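Note that ligands are numbered from 1 as they come in the structure, with each ligand's atoms numbered from 1 the same way. Here, residue 1 is the first one in the sequence, and each next residue gets the next number. Predicted, not measured: the structure shown is a model, and the values here were computed from it.
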Amino acid sequence: MKVDADMGISTKAIHAGETPDSITGASAPNLVMSTTFVVDEPLSFSANNMKDDMPYLYTRWGNPTVRQLEAKLAALEGADACVAFASGMAASAALLLGTLSQGDNLVISDTNYAGTAEFVRETLPRMGITVSPVDTSDSANISTALTPATKLVWVETPSNPITRLADIRAAADIAHEAGARLAVDSTFATPIATRPLELGADFVVHSLTKYIGGHGDALGGAVLGEAGAMNALNIEAVIHYGGTLSPFNAWLIMRGAATLPLRMRAHQDNAIAMANFLEKHPRVERVLYPGLASHPQHELAARQMHNFSGMMALRVKDGAAVARRMMRELRVFHYAVSLGHHRSLIYWMATDDLLSSSFRLSGPQREAYERYAGDGVFRISVGLEDAADLCTDLDRVLS
Ligand SMILES: *Cc1c(COP(=O)(O)O)cnc(C)c1O
C-alpha cells in the first residue's frame with residue numbers, strides 16, 4: 001500500500017513498504033533470498049552506472065525484501081530515503097567513512113555506544129580524521145569544539161549507557177551554521193519517540209537489532225536521510241564495503257517493525273512502573289530514566305521525546321557484587337548485553353572498564369561521567385513482561 005505522509009505512525013508501521021504480491025495476492029511480504037536476478041535488457045556491470053529505476057541485478061546492489069524494509073523505515077522516520085546494513089555498526093561505520101575524508105574533523109558525544117566510541121577513537125585517526133569527543137548534553141560544548149575542518153557532528157540521544165540527552169534542534173543549528181552536518185544515533189529513542197530529521201538533523205542512524213527488530217533474533221542497521229546522499233552511501237558503502245543486510249533479517253525486522261508503536265507504548269509503561277519502584281527502593285542509589293522528574297534533562301526529554309523508551313541506568317550499593325548475584329539468581333531478566341527486545345535484559349557496566357577501554361575520558365569529562373554513573377551502572381532494557389514480575393525479580397536480588 002502507498003501510505004500517505006499524513007497517515008498515523010501505526011498505519012505506516014504496518015503498511016509502508018508492503019504491497020500484496022501482484023501474482024499470488026500474498027498479503028504478507030515475500031522473502032526473496034535470491035542473490036542474483038535474471039536480466040532481459042543490457043545492464044552495466046558498474047555500480048556507478050546504477051539507476052533508480054533499474055531492475056534487480058544482484059542482492060548486494062539491492063534486494064526486493066530489503067527495499068521493502070527500507071521503505072517502511074523511511075516512512076516511520078519521515079525520511080526521503082533509507083539504506084539498510086548488516087548491523088548497526090556497519091551503518092555507523094559506513095556513514096562515518098562515507099562522509100569524512102582525510103583532514104576532516106568529527107565532533108561526537110563523549111559517551112555513546114561502545115563500538116562507535118572505539119571506532120572513532122581508533123580507526124578514524126588512522127585515516128587522518130581528527131575526532132573531538134565532547135559532552136553534547138550541553139550544546140555550548142559542540143560550539144566550542146567546532147573547527148573549520150569539522151564536517152560532521154554526531155550525537156547519540158539518549159546515550160548509552162547513562163541516558164544523557166542531546167538537544168537535536170540546537171545541535172543541528174550549531175552544526176549548520178559552521179557548515180557541518182548532524183548525524184543522530186537514535187537507536188534508544190526509535191522513530192516513535194523522536195524523529196531527528198524533523199528537528200533539523202541530516203542523518204539518522206539505527207541499530208535495527210534493538211527496538212525496531214525488537215525480538216533479539218536479527219542483526220541489522222540503517223541510515224536515513226536525503227535521497228542523493230543515501231544513493232551515494234548505497235553505492236560506496238553497501239555495494240563496495242559490502243555490509244549488506246541479509247534479506248532474511250530484513251524480513252524478520254520488517255515483521256518486528258510492524259508492531260513498533262504498540263511495543264514502544266508497552267516498553268514505556270513498564271519502564272515508568274519499574275523506575276518508580278526502583279527510585280523508592282532502599283538499596284538503590286540512583287535511577288537514570290528520561291521519564292523521571294529526577295532525570296537531569298527531564299525537561300528536554302519531555303520536549304524532544306514522544307515516548308521515554310524502555311532504557312534506564314541503575315546505581316546500587318556494591319554494584320559489582322550485585323551483578324555476580326544477578327547472573328545466578330535472576331529468573332525473569334536475562335543477564336545479557338543488547339537492548340530493545342521483548343525480553344528484559346540487564347548488564348553491569350563498570351565505570352573504570354568503560355572509561356579506560358571505550359570512552360577514554362579524563363579530567364572534567366571523566367568527573368562529569370562519574371557524576372551520573374558513580375563506579376558503574378546497570379543498563380536495564382525493560383521488556384514486555386508483566387511489570388510486577390520484573391520488579392519482584394530485581395527486588396529479590398537487591399534485598
Ligand atoms: C547496538 C547499538 C549499536 C550497534 O548496533 P549493532 O546492530 O549491534 O551493530 C549502535 N548504536 C547504539 C546506540 C546501539 O545500542
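Salt bridge annotation for D135-R164: present, with a cationic side-chain nitrogen under 4.0 angstrom from a carboxylate oxygen. Of the charged side-chain nitrogens involved, none lies within less than 4.0 Å of a carboxylate oxygen, so that K12 and D6 do not count as a salt-bridged pair. Ion pairing between K151 and D104 holds under the 4.0 Å rule for side-chain N and carboxylate O. We find that R126 and E122 are not joined by a salt bridge, their nearest charged nitrogen and carboxylate oxygen being 4.0 Å or further apart.
Looking only at protein heavy atoms, the nearest one to atom 9 (O) of ligand 1 is M89 N, 2.8 Å. Ranking protein heavy atoms by distance to atom 8 (O) of ligand 1, first place goes to Y113 OH, 3.8 Å. For atom 7 (O) of ligand 1, the closest non-hydrogen atom on the protein side is T209 OG1, 2.6 Å. Among all non-hydrogen protein atoms, the one lying nearest atom 11 (N) of ligand 1 is D185 OD2, 2.7 Å.
Just one residue in the list T59, L43, L57 forms a side chain to side chain contact (heavy atoms under 4.5 Å, CB included) with F37, and that residue is T59. Among T111, D110, T351, the one residue that satisfies the side chain to side chain contact (heavy atoms under 4.5 Å, CB included) test with F359 is T111.
At a 4.0 Å cut-off, not a single heavy atom of G340 sits close enough to ligand 1 to count as contact.
Note that R286 lies in the cation-pi zone of Y372, set by a 6.0 Å cut-off to the ring centre and a 45° limit from the axis.
Per-residue contacts place E156 under 4.0 angstrom from the following atoms of ligand 1 (heavy atoms of the residue considered): 13 (C). Every atom of ligand 1 with a heavy atom of G220 under 4.0 Å away is listed here by number and element: 7 (O).
The shortest N/O to N/O separation between G88 and ligand 1 falls below 3.5 Å. When only interatomic distances are considered, the shortest N/O to N/O separation between K210 and ligand 1 falls below 3.5 Å.
Only side-chain heavy atoms of L339 come within less than 4.0 Å of ligand 1; its backbone N, CA, C and O stay farther off.
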